[in-house]
Protein chains: 2
Amino acid sequence: MRRLPKYLTLVQHLRAGGAEWVSSAALARALGLTGSTVRQDLSHLNVSGFSRRGYRAAELERVLARVLGADRTWKVVIVGAGNLGQALAKHGDLQRHGFDICGIFDIDSRVIGRKVGILRVTSFSEVDRVVKERGVRLGIIAVPAPAAQEVADRLVAAGIQGILNLAYANVLVRSGVAVVNARILESLQELVYLVRLEATEWRKKR
Amino acid sequence: MRRLPKYLTLVQHLRAGGAEWVSSAALARALGLTGSTVRQDLSHLNVSGFSRRGYRAAELERVLARVLGADRTWKVVIVGAGNLGQALAKHGDLQRHGFDICGIFDIDSRVIGRKVGILRVTSFSEVDRVVKERGVRLGIIAVPAPAAQEVADRLVAAGIQGILNLAYANVLVRSGVAVVNARILESLQELVYLVRLEATEWRKKR
DNA sequence: TAGATTGTTAATCGATTAACAATC
DNA sequence: TAGATTGTTAATCGATTAACAATC
């Protein structure tokens with residue numbers, strides 16, 4: 001369920017703010033959902049709430065972290081050391097949330113060897129070796145669109161089990177390998193669509 | 001509809017590859033959908049296909065671009081000149097797809113004035129003026145989570161109509177302002193969830 | 001003609017919401 | 001007790017898929 005990460009983040013923030021109990025209504029309000037939806041979602045988890053109080057924040061966080069695998073670290077490689085790839089490698093949030101970045105790769109000899117945070121850009125030809133040696137399970141694709149499929153094939157062949165695709169192209173992989181697409185450009189286009197929709201609705205009301 | 005940007009991208013790529021006609025089946029295959037879904041989606045658009053051939057690629061691209069507002073430029077400001085903000089400002093894909101980045105802002109005096117691509121980091125205190133003077137309609141939030149809500153309030157007050165929120169916190173805005181969240185960390189957590197799901201399914205089959 | 005494809009209707013499926021008894 | 005909240009069932013809603021006549 002794609003809402004689970006949102007619950008986790010929110011509960012973490014609420015706990016940081018000192019909350020001991022959280023109600024379905026509170027979660028719903030903060031995420032723009034209904035209490036019903038939240039209770040339905042949480043009922044699939046191994047957690048139970050209390051009348052008049054809600055859910056124990058600490059327990060809820062622990063259970064959410066568990067089901068999302070956020071209670072252990074996940075090894076990741078980043079392919080593509082352009083602006084986006086480098087930004088991710090340096091982005092503290094990933095390390096802070098249990099992702100262990102095992103390498104950043106590129107084919108451009110001008111960036112290979114360059115330091116990015118605590119890492120050094122490595123030739124893409126070594127990606128198989130690193131993935132196998134270190135048992136990396138996740139790969140992030142941050143290369144130009146035309147190269148995305150080739151990179152995906154290579155990662156899957158090396159044994160990667162999940163791909164986060166940031167490239168502006170769809171990649172096809174054999175079943176058994178998970179792919180999540182996350183494209184800022186598409187999100188922006190969605191935003192434009194919504195903004196125009198709002199503008200139209202507004203005009204209708206007049 | 002959040003699939004429209006995907007159709008647009010795909011049709012652009014297919015056209016670049018020389019395709020004159022595209023069928024619903026071809027689109028479906030490339031995006032992991034069914035032909036039915038694609039035809040339903042396109043039926044809401046002002047475009048019609050032809051038996052035995054499909055849709056005219058050029059016409060489809062034009063119509064999709066139109067409904068997504070990709071046929072004109074959209075002014076954007078970026079708030080937050082950290083790794084991610086800077087990467088976006090330098091990221092050619094945005095400019096190339098009709099987004100005109102009118103400024104990148106930060107509150108940290110150590111980065112204010114620094115050059116980022118062709119832009120220069122400006123003090124966040126000037127964001128209202130820039131938004132108003134240039135008629136900017138979209139804002140991208142790329143600041144740490146605790147600052148996100150404050151930035152959103154400020155952008156909305158300045159007249160921004162749509163917000164792309166990359167911060168790891170939910171922002172609440174008055175109705176009439178569109179918000180799209182795009183968080184790499186949440187996408188990664190979703191990926192982890194899917195990878196573990198696959199692993200479980202696999203174990204079940206044995 | 002045979003075959004491929006659209007456009008649309010109807011069926012299915014799943015997700016969201018409403019409602020409310022049970023509980024504290 | 002009164003009131004707030006969960007957990008769950010049933011209803012609603014919307015999105016996806018199947019099916020197929022119409023078309024070229």
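This is a predicted model, so every value here is computed, not measured. Each chain gets a letter, A, B and so on, in the order its sequence line appears, and its residues count up from 1.
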Discussion item. To the closest 0.5 Å, what do you measure between CG (A:Leu88) and CG (A:Leu164)?
Written reply: 8.0 Å

Among [options], which nucleotide sits nearest the side chain of [X]?
X       : options               : value
A:Arg2  : D:dT8, C:dG7, C:dT16  : C:dT16
A:Arg53 : C:dC24, D:dT6, C:dA4  : C:dC24
A:Arg52 : C:dA4, D:dA4, D:dT17  : D:dA4
B:Ser36 : D:dG7, C:dT17, D:dA19 : D:dA19

Worksheet item: Can you tell me the Watson-Crick or wobble partner of D:dA11, both distances under 3.5 angstrom?
Response: C:dT16

Worksheet entry | Pair partner, C:dT23 [Watson-Crick or wobble, under 3.5 Å] | D:dA4

Discussion item. So, under a plain 3.5 Å distance rule, would you say the side chain of B:Ser51 forms a donor-acceptor pair with the base of D:dT23?
Written reply: yes

Discussion item. Tell me if the side-chain of B:Gln40 makes a donor-acceptor pair with the base of D:dT17, cut-off 3.5 Å, by modelled atom types.
Written reply: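 Pair found.
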
Worksheet, complete the sentence: Whichever of A:Ser24 and B:Asp41 has the more 5' nearest nucleotide on DNA chain D, that residue is A:Ser24

Worksheet item: B:Arg183 versus B:Asn165: any side-chain heavy-atom pair under 4.5 Å?
Response: yes

In whole Å, I'd like the distance from the [atom1] atom of [X] to the [atom2] atom of [N].
X       : N      : atom1 : atom2 : answer
B:Leu4  : D:dA15 : CG    : P     : 12 Å
A:Leu60 : D:dT5  : CG    : P     : 16 Å
B:Leu27 : C:dG7  : CG    : C1'   : 15 Å
B:Arg29 : C:dT5  : CZ    : P     : 9 Å
A:Leu42 : C:dT16 : CG    : P     : 13 Å
A:Phe50 : D:dG7  : CZ    : C1'   : 13 Å
B:Trp21 : D:dC24 : CH2   : P     : 12 Å

Give a yes/no answer on whether the side chain of [X] brings an N or O atom under 4.0 Å of OP1 or OP2 in [N].
X       : N      : answer
B:Arg3  : D:dT16 : yes
A:Thr37 : C:dT17 : yes
B:Ser43 : C:dG7  : no

Discussion item. Within the 3.5 Å criterion, strictly below it, is a donor on B:Tyr168 or A:Asp93 matched to an acceptor on the partner's side chain?
Written reply: no

Fill in: Results of salt bridge (Lys or Arg N to Asp or Glu O under 4.0 Å) for B:Arg134 - residues two or more places apart only
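In terms of salt bridge (Lys or Arg N to Asp or Glu O under 4.0 Å), with neighbours along the sequence ignored, B:Arg134 is linked to B:Asp100.
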
Practice prompt. Using modelled atom types only, decide if a donor and an acceptor are shared between the side chain of B:Arg137 and the backbone of B:Lys75 within a distance under 3.5 Å.
Written response: no

